[in-house]
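For this chain, numbers begin at 1 and follow the sequence in order. All of these numbers come straight from a predicted model, not from anything done at the bench.
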Amino acid sequence: HINAGYNWSPSRLLLSPTFHGRDSFAISLLYQALSAQLFVRFGEKMEEKGSLPLTIFSNRQGKTRQVINMNDIVTALALSTEIRSAVIIDKKILYFESMSIQDVSRRLSSAHIWVSPHGANMANMIFLRKNAAVIEILPYRCQRLRVFFQSMASALGLRYYSTSPTRAMELQGFEDPSSIDDLAATRRLCDFEQCINTEKWEYMNFRIEEGLVSQKILQAVYTTETFE
């Protein structure tokens, strides 16, 4: 996807948008131009559902980076009095693998807040309205991955937030605390030592605590900026 225009240094730890002559301002213009063209071609907004900000969730199919308990999270948030007083929860979770680009455009262009797990699917933020909020759910101890789509969100005039599981046992296959490699957990105390090559934690399916997602949604709503 076009986010590859934001290059990484060889260590894949620091963002270097000017590496190999790529300029961050030029890349920003590219995002905006592509976004405008897609809106012209596919942009048909769904009817607004009310005066409160609309929050839409997406998830991944397959064997990698899927939020296992996404259905439970959406159901719980839709029933939460605090959340219901702040936003409208769209209970239909999007799976982009089975959607046309027209449907993706229609759904996301009506969202004020979009919650999604990390992955190339997040390039679909080009369909969001200006000043919408993007909440990226990162894999456990993989905060370094946020620079990909944090940069893209900034270029598109979107507000970016991220969260991730706080416990290794939220990873699929690590439900038993005794099976967690203490050494591997210790190595992840520093951001720059996360997702180390052969361990592949960044690709595992995982769960995340509902409260962490709720917190980010409320943070997105109660900032000083307003939605358009």
Side-chain angles (χ1 to χ4, degrees), residues 35-36 38-61 65-138 146 149-150 152-165 206-228:
S35 176
L38 289 171
F39 267 124
V40 169
R41 184 172 179 183
F42 299 114
E44 179 187 342
K45 289 189 177 181
M46 293 177 65
E47 184 178 345
E48 299 285 350
K49 293 188 176 182
S51 57
L52 293 176
L54 176 63
T55 301
I56 287 180
F57 296 78
S58 66
N59 203 1
R60 293 169 61 92
Q61 296 174 330
R65 296 173 179 164
Q66 180 186 120
V67 178
I68 301 168
N69 61 329
M70 184 68 89
N71 287 333
D72 295 336
I73 290 172
V74 173
T75 298
L77 293 179
L79 295 174
S80 166
T81 302
E82 183 178 23
I83 290 294
R84 288 170 60 189
S85 66
V87 299
I88 297 171
I89 296 291
D90 188 332
K91 292 186 284 187
K92 185 176 181 180
I93 299 171
L94 306 185
Y95 292 90
F96 298 124
E97 298 92 334
S98 57
M99 296 177 65
S100 68
I101 191 171
Q102 292 94 335
D103 288 340
V104 172
S105 170
R106 194 157 44 243
R107 295 294 299 279
L108 288 184
S109 64
S110 295
H112 299 89
I113 302 172
W114 175 35
V115 183
S116 176
H118 171 78
N121 58 290
M122 292 208 64
N124 287 303
M125 69 173 69
I126 57 177
F127 294 115
L128 293 172
R129 64 181 73 198
K130 185 178 180 182
N131 204 39
V134 177
I135 301 175
E136 181 176 20
I137 304 178
L138 297 162
R146 65 179 175 264
F149 297 106
Q150 185 177 33
M152 188 174 185
S154 175
L156 289 171
L158 306 173
R159 292 181 290 143
Y160 176 89
Y161 305 86
S162 66
T163 187
S164 63
F206 60 92
R207 298 174 181 80
I208 187 168
E209 303 94 314
E210 169 207 327
L212 296 176
V213 179
S214 173
Q215 181 185 60
K216 290 299 176 180
I217 291 175
L218 293 174
Q219 183 181 348
V221 172
Y222 295 120
T223 54
T224 55
E225 299 179 75
T226 57
F227 295 102
E228 292 187 3

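Contact of the Leu108 side chain with the Leu94 side chain is registered, since non-hydrogen atoms from C-beta on lie closer than 4.5 Å. Looking only at side-chain heavy atoms (C-beta outward), Arg107 and Lys92 come within less than 4.5 Å of each other. Two residues are said to be in side-chain contact when any heavy atoms from C-beta on lie closer than 4.5 Å; Arg146 and His118 fail this criterion. Side-chain contact check for Pro53 versus Ile88: every heavy-atom pair is 4.5 Å or farther apart. Between Ser58 and Trp114 the shortest side-chain heavy-atom distance falls below 4.5 Å. The shortest side-chain heavy-atom distance between Thr55 and His112 does not fall under the 4.5 Å cut-off. A 4.5 Å side-chain heavy-atom check between Ile135 and Ser162 finds every atom pair outside the cut-off. For the pair Lys91/Thr75, no side-chain contact is recorded, criterion being any heavy-atom separation below 4.5 Å from C-beta on.
For the side chain to side chain contact (heavy atoms under 4.5 Å, CB included) test with Leu128, the passing option among Ile113, Val134, Leu156, Ile56 is Val134; the others fail.
Between Pro117 and Val67, the closest heavy-atom pair is CB-CG2, 3.8 Å. Closest approach of Ile208 and Ser164 over heavy atoms only: CD1-C, 3.7 Å. Contact detail for Phe57 and Asp90: the closest heavy-atom pair is CD1-O, 4.1 Å. Summarising the geometry of Pro165 relative to Phe206, their closest heavy-atom pair is CG-CD1, 3.6 Å, with the distance given to 0.1 Å. Ser98 and Gln61 make their closest contact through OG-NE2, 4.2 Å (heavy atoms, listed as atom of the first residue, atom of the second, distance). The nearest pair of heavy atoms linking Ser85 to Leu52 is O-CD2, 4.0 Å.
If you take CZ on Phe127 and OG on Ser109, they are separated by 9.0 Å, rounding to the nearest 0.5 Å. The CG atom of Leu77 sits 12.0 Å away from the CZ atom of Arg84 when rounded to the nearest 0.5 Å. Between Ile68 atom CD1 and Arg207 atom CZ the span is 4.5 Å, to the nearest 0.5 Å. Here the CD1-CG distance, from Ile137 to Asn59, works out to 8.0 Å after rounding to the nearest 0.5 Å.
Asn124 places no side-chain N or O within 3.5 Å of a backbone atom of Val104 that could act as its donor or acceptor partner. Ser154 places no side-chain N or O within donor-acceptor distance of the main-chain N or O of Gln150, the cut-off being under 3.5 Å. Although no hydrogens or angles enter the test, the distance criterion places no donor-acceptor pair under 3.5 Å between the side chain of Ser80 and the main chain of Ala76. A donor-acceptor pair is defined here as one N or O able to donate and one able to accept, closer than 3.5 Å; such a pair exists between the side chain of Arg159 and the backbone of Ala220.
Side-chain atoms of Tyr161 and Glu136 form no donor-acceptor pair, as typed in the model, at a separation below 3.5 Å. Inspection of the Asn121 and Ser116 side chains reveals an N or O donor paired with an N or O acceptor under 3.5 Å.
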Working note: Leu158 + Asn131, criterion side chain to side chain contact (heavy atoms under 4.5 Å, CB included); need CA distance, chi angles, decisive distance, verdict. CA-CA 5 Å; Leu158 306 173; Asn131 204 39; over 6 Å; no
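Qualifying salt bridge (charged side-chain N to carboxylate O under 4.0 Å, His left out) partners for Asp72, counting only residues two or more places apart in sequence or in other chains: none.
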